[in-house]
Amino acid sequence: MIYDADYIVEEKTIVRLFEKNGKKAIRHDTTLEPYIYGLAEEDISRKLSTICAERRGEKVCVKNVELVEKYFAGKKRLFHKITFRHPQDVPSLREEIKMFCKIFEYDIPFVKRFCMDRGIVPLEHIERNPLKVMSLDIEVLCHGAPNARGDPVIMISTWGERGKVFSWKRADTEYVEFCKDERDMFERFFSFLQEEDPEIILTYNGDNFDFPYIEERCRILRIKNAFLDNLAIKKRTRGSEASMVGIVHVDMYPIMRRTMSLTRYTLEDVYFELFGVEKKDIDTGLIPKYWEKEDTRMILAEYALSDAEATYKIGASFLPLQYELCRIVGQMLFDISRSSTSLLVEYLLMRHAFQKNEVVPNKGHGSEGTYEGGFVMEPRKGLHEHVVVLDFKSLYPSIIITHNIDPQTIDCPCCKNNVAPTGHHFCMKKDAFIPSILKTLLEKRGEIKKKMKSDEDKSLYFQQWALKILANSFYGYLAYPLSRWYSKECAEATTAWGRQYLKTIMESAQKHHFSVIYGDTDSLFITMGDANTDNVRHFLEEVNSQLPSPMELEYEGYYQTGLFVTKKKYALYNGKILTRGLEIVRRDWSKIARDTQKSILSTVLQGNPQTAAEIIKDVTKRIKNGDVPIEDLVINTQLTMPPSHYKTKGAHVIVAERLMEEGQEVRVGDIISFLVKKGKGLIRDKAVTYEEFVKNKYEYDPDYYIQNQVMPAVMRIMTAFGYTEDTLKYEKSEQKGLEEWF
DNA sequence: CATTATCGGGG
DNA sequence: GTGTACGATAATG
């Protein structure tokens, strides 16, 4: 069973397949040569085979050219199959080749190409060959943002078959291994890793934090070993990726972002959401204090261990889904765990294209203007009771299948009866590429769900989930301008049909005397007068008998109350609060704004907007009177470039410039913390650091904190009750328009 | 209103 | 690495 792969170059390009069949082995495969296709409008094989270029002072040439028959967009065409000695020769030679013919499949990474062409199914027998998983996490001694240049790693925690913490100050627990110093800690940790020899290392944000940090510290400490030689931190446009040869690093953070819908994705939040219990947490500002004394160092060790354990547990819950995605898509775990769903769809389509002898279209070039998306109804604002949510089961996939939407079927000479609201029509006779793959996915999912009723096999659940994720990503893939099968017309037709179906259902719901409160793309929110859902069931049956298969409207859930503010902004309550688009969670808001918002949202959903109004008045009063602790007023913003590069300078940039003039060290990437002091003028001219604020005994600007912080945060919620800003602020006490919402 | 800039996760 | 590619939201002009 293959769990990872890479390639090296000797005389030939060698794909190394990392396998586990009982025990581990590395298999070499030299059967695939790098290649691309050139459209053969005429046979120019001889010309093409002489093309050479220079790369780093070395001459590289096309290795071979042969004529092959392939399909392109469903039509038989002749292509030159152009082979190379080295994958890296492709980018060096393709520009020159492009001068003579149209080229295709010139940008497919070699190992991915190998997986598609050889029909590799990674992790095919994972139930028989369970992979050894180990999580890791580091703790850093820092004041403010951690900086690898000066702030040492103080603990490394791991979890797997056992929990272990490496620390270079004593802590009296059996799981802590005491090390002499930081260097000794790293060395012991690396040899531990070598002994354990896991196939998978799990982290939480290890791509951007733990591994880059470890690498930098080891460089500073001049530690060298095989593990570090095999560790690669690749810079991407956004963030980085940390990989090792023969060990799959899976960073759970990006997976959780894609898989769960939360407002925040800290380890603590994710853990709580998944397991319903609070994970051990500490104020990271206190780490230096805990580290200092032997009796409190335990707290730190426990925290370190709990992070590694939580990461491991999250992995145990979500790796199976990644495994299934690997098997369906046919690419390696490292890539699958970091790929957007659009990219997963692309790998899958490319593999199918190879099997059908189709040449893969080239990537799109970028945005070609926007078009209309799903229908979003302006909600009936305010608090509603007995809310039922209905949604279309896989709306876009079922539309694509039902109407056979594909770049190859668009505007055929036949089938003029299958017309989208956009005016384009689609051929119903052809077995189209994308709809047929999509149909296979949905049918497979149906079978698995059926099987799940009698079969206990847990992997079935993850199989159907993986299939659902992929199916639901096809529309986004068609609509993504950089994708290889991008088609604005197809995407547009899909959403247009979607709007038509949703509007029809909404009208129908109204005819059945439900009150429609809100609807977005594939869902509608209705109220029923009481908690009896029988009428809804009837309505669903009737609707579904009329919808073309596989389209289906489903019952999503019942909620005691629902608060609707504007399009895309609402909250539902059924013992638990579920919010969409309402909460502010970012660090560039002050604590007072965040806290106030949280408390009024909860109050409102329990049916007490008056109380919420009182809370707001009380907070604004406290701000006016200067009663708010200044810690709650601090705003943190990152300096992302040198101050002189800014075209528009925000408050934090002005503060950073002043600090630099005063000779303080301010670096790009630093978080600038500031408060807004009382006075006239622009916000940025009133921004001062915490130290300046305290030293000069400034007063804060109550108007700023009310107008720009607390009010925007709470007004998102309170406008739904007809409150205006003026009625909520401290000065006035009038509450108008309240009764009409009840 | 459009344009420019920032957030996230980690300590 | 035969790969450029986040998506949402706030502040400024």
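Every chain is numbered from 1, with letters handed out A, B, ... down the list of sequences.
- Side chains of S92(A) and D89(A): no donor on one and acceptor on the other come within 3.5 Å.
- Note on Y290(A): nothing from the nucleic acid sits closer than 4.0 angstrom, heavy atoms only.
- Nucleic acid contact for N147(A): none, since no nucleic acid atom lies under 4.0 Å from a heavy atom of the residue.
- Residue L343(A) is in base contact, counting any heavy-atom pair closer than 4.0 Å across all strands shown.
- Across all strands shown, R94(A) has heavy atoms under 4.0 Å from sugar-phosphate atoms exclusively, and none from any base.
- In this structure, H249(A) atom NE2 and dG10(B) atom P are separated by 14 Å, rounded to whole Å.
- Within 4.0 Å (heavy atoms only), Y303(A) reaches sugar-phosphate atoms of the nucleic acid but no base atom.
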* Please report the C-alpha distance between T13(A) and H86(A) in whole Å, then the side-chain angles of each, then the deciding distance to 0.1 Å, and finally whether the side chain to side chain donor-acceptor pair (under 3.5 Å) criterion is met. => CA-CA 6 Å; T13(A) 309; H86(A) 188 303; 5.7 Å; no

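- Residues R238(A) and I287(A) both approach DNA chain B. Their nearest nucleotides, taken by heavy-atom distance, put R238(A) toward the 5′ side.
- Distance, L267(A) CG to dG9(B) C1': 10 Å, rounded to whole Å.
- Note on T284(A): a base of the nucleic acid sits closer than 4.0 angstrom, heavy atoms only.
- Atom pair Q331(A):CD and dT2(C):P shows a separation of 12 Å (rounding to whole Å applied).
- I201(A) has its side chain within reach of L136(A): a pair of non-hydrogen atoms, C-beta onward, lies under 4.5 Å apart.
- Atom NZ in K234(A) sits about 16 Å away from atom C1' in dT4(C), given to the nearest Å.
- For Y704(A) and dT12(C), the OH to C1' distance is 13 Å, given to the nearest whole Å.
- Heavy atoms of D207(A) sit nowhere under 4.0 angstrom from any nucleic acid atom.
- Put simply, the side chain of F104(A) does not reach to within 4.5 Å of the side chain of I36(A), judged on heavy atoms.
- Side-chain contact between L348(A) and Q331(A): absent, with no pair of heavy atoms (C-beta onward) separated by less than 4.5 Å.
- Across all strands shown, V90(A) has heavy atoms under 4.0 Å from base atoms, whether or not it also approaches the sugar-phosphate.
- Of the residues in residues 103-112 of chain A, those lying under 4.0 Å from DNA chain C by heavy-atom distance are E105(A), Y106(A), D107(A), I108(A), P109(A), F110(A), K112(A).
- A tilted orientation is assigned to the rings of F209(A) and Y213(A), their planes being inclined by 30° to 60°.
- Across dG10(B) and dA5(C), the matching C1' atoms stand 24 Å from one another, rounded to whole Å.
- Checked for salt-bridge contact, R264(A) and D269(A) meet the test: a charged N lies under 4.0 Å from a carboxylate O.
- Counting only N and O atoms by type, the side chains of S135(A) and T311(A) include no donor and acceptor under 3.5 Å apart.
- Using a 4.0 Å heavy-atom distance criterion, P34(A) is classed as a base contact.
- The residue Y35(A) sits close to a base: some heavy atom pair falls under 4.0 Å.
- Note: CD (Q638(A)) to P (dA11(C)) measures 17 Å, nearest angstrom.
- The residue T203(A) sits apart from the nucleic acid: no heavy atom pair falls under 4.0 Å.
- The distance between atom NZ of K98(A) and atom P of dT2(C), rounded to the nearest whole Å, is 17 Å.
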